[in-house]
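Order of the sequence lines fixes the chain letters, A, B, ..., with proteins taken first and strands second; residue numbering starts at 1 for each chain. None of the values given here were measured: they were computed from a predicted structure.
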There are 2 protein chains.
Amino acid sequence: MTDGVASTGRGRGGMSEQRRRRVRLEISREAARLFWAQGVDGTSGDQIAEAVGLSTRTIWRHFRSKESCAEPIVAQSVEWELATLRSWPPHRSLEEHFATEAKRLVSEISPSEQADAGLGVKMIRLAETEPALRTAWLMACDQVERELAAVIATRLELEPDDLQVRLHAAAAAAALRVINEYVGAGLLDGTDPRKLGDENFAFIADAVRTATGGAVGDPVRAEEAPAEPDGSAAGRRK
Amino acid sequence: MTDGVASTGRGRGGMSEQRRRRVRLEISREAARLFWAQGVDGTSGDQIAEAVGLSTRTIWRHFRSKESCAEPIVAQSVEWELATLRSWPPHRSLEEHFATEAKRLVSEISPSEQADAGLGVKMIRLAETEPALRTAWLMACDQVERELAAVIATRLELEPDDLQVRLHAAAAAAALRVINEYVGAGLLDGTDPRKLGDENFAFIADAVRTATGGAVGDPVRAEEAPAEPDGSAAGRRK
DNA sequence: GCCAGTATGGCACTGAGTGATTCCCCTTGG
DNA sequence: CCAAGGGGAATCACTCAGTGCCATACTGGC
């Protein structure tokens, strides 16, 4: 996951850590643009370097492989979902939380972030035909799965490496991946620009609920020992 | 997915198509052995070629990349699950079908197939730390997901590219992946050799049922329109 | 202005993967 | 039994991703 050189620790010295992310994003932007325009195989490391105004050597200092140049832009496109999941308070339902967070987001998003999101969608789309990019996409989904495991673990008051938690996380992450692919493909195929309304959040939440057998999605009653967590809030689909 | 040269079509000529698979498997065996013994980075294409007794060039004729040399052995290790899924009759439950198919399997399995299975498990394990191999593993899971979509589509009498079907397939495939990783890790960590009894199949089936919100796993009543498929046989977990 | 420490450039080099050509072996037909 | 032919494999030369190594430019603290 951590791509470039090991640590820098961030301890002392300078502006690393945040600056590094900016550089990687910058490279990723140009790489994604080129990948989309001429394909992955049709794009050379030298081209990326030239496009971003750095030496080829420096590109490889920041990314372990050509395909991984696309990772930051892909990761960023799921970052807001991740952040939303991380900040999901126990006492709220998934759809509620998504809806309010989404409202907060639309007012804060900048044009450049919007452009990045567009590139991310394109990369996800490209990943369906370019095996090299599929890796980057699946890796990002893998990351979502891990974070989701942590979120679910706290909600269910279990360990993140508990088998049941891992199963739920994997299923939910897979559902989110499919929805991302579906929505992204729809957007690129011209399906109107702004129809990602509240209805979609209910759909997402329901997909997660279904994928986890109803175990994840509803508010969690704090301070109450779940002696028999069954039959509480299952089947709510359609 | 199809790795080597394009077609050969299989039309006329010779023994391709089946022989090709044998050669690829042979290469994959040696590659997996070397990967496990000395790591992926520590293994060169030349080494693989020498181990299998072919020229390096020929290796690249059969595989597009070094890591993909592991794919056949990984794919084969999930092939029986895939086959089992494909032959899942509508009127049976998943645990029933798995159990009977497993019984049929243990009597038919050959020593070499057993060795291959062992190698496959090792590759899956390696995939947890070697990003290059993780790709191969995730690709195999991707394949499982696609086939699963077909199976689920027929059971639910929907199209394979229906969103709901894709969601269910993705969630179920993810659950199967986690279980495979879990069981494989257990086996390699010395957890006894033969305890994959009926109990496990019930567990697998339940995981699939949970991941699909109860929509997949139970017998399907043929010839009856599922007006309200809900609430029929949900929550059956432990 | 000087002194770390770090980011970058340049260059040579390893190794993956490809293309083109030749070679070998096996089949087929006379 | 031998000639023709075709397909797979070997060989060689080449491209390009990616690394190691060293020189250099930049940055922030004194």
Trainee: Checking contacts here: which listed nucleotide (C:dG17, D:dT11, C:dT8) is nearest the side-chain heavy atoms of A:Arg19?
Mentor: C:dT8
Trainee: Find the distance A:Glu50:CD to C:dT8:C1' and express it as a whole number of Å.
Mentor: 17 Å
Trainee: What is the distance, rounded to the nearest whole Å, between atom CG of A:Leu54 and atom C1' of C:dG10?
Mentor: 14 Å
Trainee: Short question: side chain of A:Arg155, backbone of A:Pro90 - any donor-acceptor pair under 3.5 Å?
Mentor: yes
Trainee: Can you tell me how far P of C:dG15 sits from CD of B:Gln38, to the nearest Å?
Mentor: 13 Å
Trainee: In whole angstrom, what separates B:Arg61's CZ from D:dG8's P?
Mentor: 9 Å
Trainee: Does B:Glu181 pair with B:Arg134 as a salt bridge, N-O distance under 4.0 Å?
Mentor: yes
Trainee: Grab the CD-C1' distance between A:Gln47 and D:dA17 for me, whole Å please.
Mentor: 14 Å
Trainee: Given A:Arg125 and A:Asp189, is the salt bridge (charged side-chain N to carboxylate O under 4.0 Å, His left out) satisfied, shown in steps?
Mentor: CA-CA 10 Å; A:Arg125 166 73 145 196; A:Asp189 285 350; 2.9 Å; yes
Trainee: Base, sugar-phosphate, or nothing for B:Ile59, non-hydrogen atoms under 4.0 angstrom?
Mentor: nothing
Trainee: Taking only the side-chain nitrogens and oxygens of B:His62, find out if one of them lies under 4.0 Å from OP1 or OP2 of D:dA9.
Mentor: yes
Trainee: Please compare A:Asp41 and A:Arg57 by the position of their nearest nucleotide in DNA chain D and report the one closer to 5'.
Mentor: A:Asp41
Trainee: Between B:Arg29 and B:Asp116, is the salt bridge (charged side-chain N to carboxylate O under 4.0 Å, His left out) condition met? List the steps.
Mentor: CA-CA 7 Å; B:Arg29 257 190 280 267; B:Asp116 283 353; 2.6 Å; yes
Trainee: In whole Å, I'd like the distance from the CZ atom of A:Arg64 to the P atom of D:dC16.
Mentor: 22 Å
Trainee: Separation of A:Trp60 atom CH2 from C:dG15 atom P, in whole Å?
Mentor: 18 Å
Trainee: Hey, does the side chain of A:Thr58 come within less than 4.0 Å of C:dT8's phosphate (OP1/OP2), counting only N and O?
Mentor: no
Trainee: B:Asp46 CG to D:dA10 P: how many Å, rounded?
Mentor: 13 Å
Trainee: Can you measure from CZ (A:Arg86) to CD (A:Glu81) and round to the nearest 0.5 angstrom?
Mentor: 11.5 Å
Trainee: Of B:Gly53 and A:Lys66, whose closest DNA chain D nucleotide lies nearer the 5' terminus?
Mentor: B:Gly53
